2 protein chains.
Amino acid sequence: MSDASSAPALYRWEGHQAAKPVDPKLEALVRDIIGKVADKWTMLILEALEEHGTLRFTDVGRKLGDISQKMLTKTLRQMEADGLVARTVHPVIPPHVDYQLTEMGQSLGAAFCGVWLWAEAHHAAIEASRAAFRARQD
Amino acid sequence: MSDASSAPALYRWEGHQAAKPVDPKLEALVRDIIGKVADKWTMLILEALEEHGTLRFTDVGRKLGDISQKMLTKTLRQMEADGLVARTVHPVIPPHVDYQLTEMGQSLGAAFCGVWLWAEAHHAAIEASRAAFRARQD
DNA sequence: GAGCCTACTTTCCAAAGGAGAGCATGAGAC
DNA sequence: GTCTCATGCTCTCCTTTGGAAAGTAGGCTC
């Protein structure tokens, strides 16, 4: 309200407050990382590699079960670019490519561990909530 | 390999190994929950509510900054259905709706805390990896 | 020389998501 | 009385993302 004098009277959805105690750059950066890392496929690949150690391209796909090859390629590339997985190409025919977690990938896997445990602990409560919500909607 | 005799010789991308030590039902359920919960907007809303306590609809949108109203509505509804947030409608004009984390939402926020710390701790390393990856691509 | 094997790539199509307008409705301005 | 605004959505386009399936390279086997 303080700076509403010069701003148009219209409600601005995209407006952002200027005064923030934390560093906005760091905030945005962390938010970007979260946006990339908090991806369904990233988490699932992370878990598969954490559990099985080194996996080949097709094996990762099989562990996940229902990922398309396009998304598998894309997500693995992104994770490689972010330094989460190491990609080892054995120059043989037919091609042989191994993927494994880097140290950073392992640490992220450890950080996500709590979320997995949470999901395992609360899946019953979540399903109950969904049922109750559905009943409430009627 | 054991059941390859009756299966077609073609490589089946969508195939899945039958012998697994863990319960496949639980595995699938947890995977589904992770797929829902490991959503960019869910995590960001969770953090905003964790940090600010109770927020109104438009305030949540402002904290996130770049979410569309459609996704905000949809994600909040999903989180409400999953029992992560409580939605309180004050029947006044103009409408006033409050959102706050439930106990379960708070526990999920705590579980994600490790991921936030990881992101804050490793953002420099990630950027370095990205730069190196880009240079490697040339 | 036909086919296979593997890690992709490409193409086409469906689904998800963003931008912006519209809606209901009563309080306050004029 | 009439006009406008404020708020939490909802609806309608239109762009981007993601899935399914076919294609590719190239040495190797039959």
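Here is how names work: the chains are called A, B, and so on, in the same order as the sequence lines, proteins then strands, and each is numbered from 1. Everything numeric in this text was worked out from a predicted model, so none of it was measured.
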Measure from [atom1] on [X] to [atom2] on [N] and round the result to the nearest Å.
{"X": "A/I93", "N": "D/dG27", "atom1": "CD1", "atom2": "P", "answer": "6 Å"}
{"X": "B/K40", "N": "D/dT17", "atom1": "NZ", "atom2": "P", "answer": "11 Å"}
{"X": "A/I67", "N": "D/dA21", "atom1": "CD1", "atom2": "P", "answer": "16 Å"}
{"X": "A/D66", "N": "D/dG18", "atom1": "CG", "atom2": "C1'", "answer": "13 Å"}
{"X": "A/K74", "N": "D/dG18", "atom1": "NZ", "atom2": "C1'", "answer": "8 Å"}

**Prompt:** For the residue pair B/V37 and B/M43, what are the closest heavy atoms and their distance?
**Reply:**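 For B/V37 and B/M43, the tightest heavy-atom pair comes out as O-CG, 4.1 Å.
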**Request:** Using the side-chain hydrogen bond (donor to acceptor under 3.5 Å, both in side chains) rule, collect all pairs that involve residues 101-115 of chain B, keeping only residues at least two apart or in two chains.
**Result:**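 Those involving residues 101-115 of chain B are A/W118-B/S107.
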**Request:** May I ask you to evaluate whether A/W41 reaches the phosphate of D/dG19, defined as a side-chain N or O under 4.0 Å from OP1 or OP2?
**Result:**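 True: A/W41 side-chain N/O within range (under 4.0 Å) of D/dG19 OP1/OP2.
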**Asked** Is it true that A/R136 and B/E80 make a salt bridge, defined as a side-chain N closer than 4.0 Å to a carboxylate O?
**Response**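 Between B/E80 and A/R136 there is a salt bridge, with a charged N closer than 4.0 Å to a carboxylate O.
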**Ionic contact status for B/R130 with A/D32, cut-off 4.0 Å** =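 Yes, A/D32 and B/R130 are salt-bridged.
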Within the sub-3.5 Å range, which N or O atoms of nucleotides 8-12 of chain D have a protein N or O partner, and how far apart are they?
from: D/dG8; atom 1: OP1; to: B/R56; atom 2: NE; distance (Å): 2.9
from: D/dG8; atom 1: OP1; to: B/R56; atom 2: NH2; distance (Å): 2.8
from: D/dG8; atom 1: OP1; to: B/V97; atom 2: N; distance (Å): 3.4
from: D/dG8; atom 1: OP2; to: B/T58; atom 2: OG1; distance (Å): 3.0
from: D/dC9; atom 1: OP1; to: B/R77; atom 2: NH2; distance (Å): 3.0
from: D/dC9; atom 1: OP1; to: B/R87; atom 2: NH2; distance (Å): 2.5
from: D/dC9; atom 1: OP2; to: B/Y99; atom 2: OH; distance (Å): 2.5
from: D/dT10; atom 1: OP2; to: B/R77; atom 2: NH1; distance (Å): 3.4

Ignoring hydrogens and angles, write down the donor-acceptor pairs under 3.5 Å from the side chains of residues 91-98 of chain A, residues two or more places apart or on other chains.
from: A/H96; atom 1: ND1; to: A/R56; atom 2: NH1; distance (Å): 3.4
from: A/H96; atom 1: NE2; to: A/D98; atom 2: OD1; distance (Å): 3.3
from: A/D98; atom 1: OD2; to: A/H90; atom 2: NE2; distance (Å): 2.9

**Request:** Give the ring-plane orientation class for B/Y99 versus B/F57, where under 30° counts as parallel, over 60° as perpendicular and anything between as tilted.
**Result:**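 Ring orientation, 0 to 90° scale: tilted.
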**Asked** Given that B/D39 and B/P94 both sit by DNA chain C, which one's nearest nucleotide is further toward the 5' end?
**Response**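 Its nearest nucleotide lies further toward 5', so the answer is B/D39.
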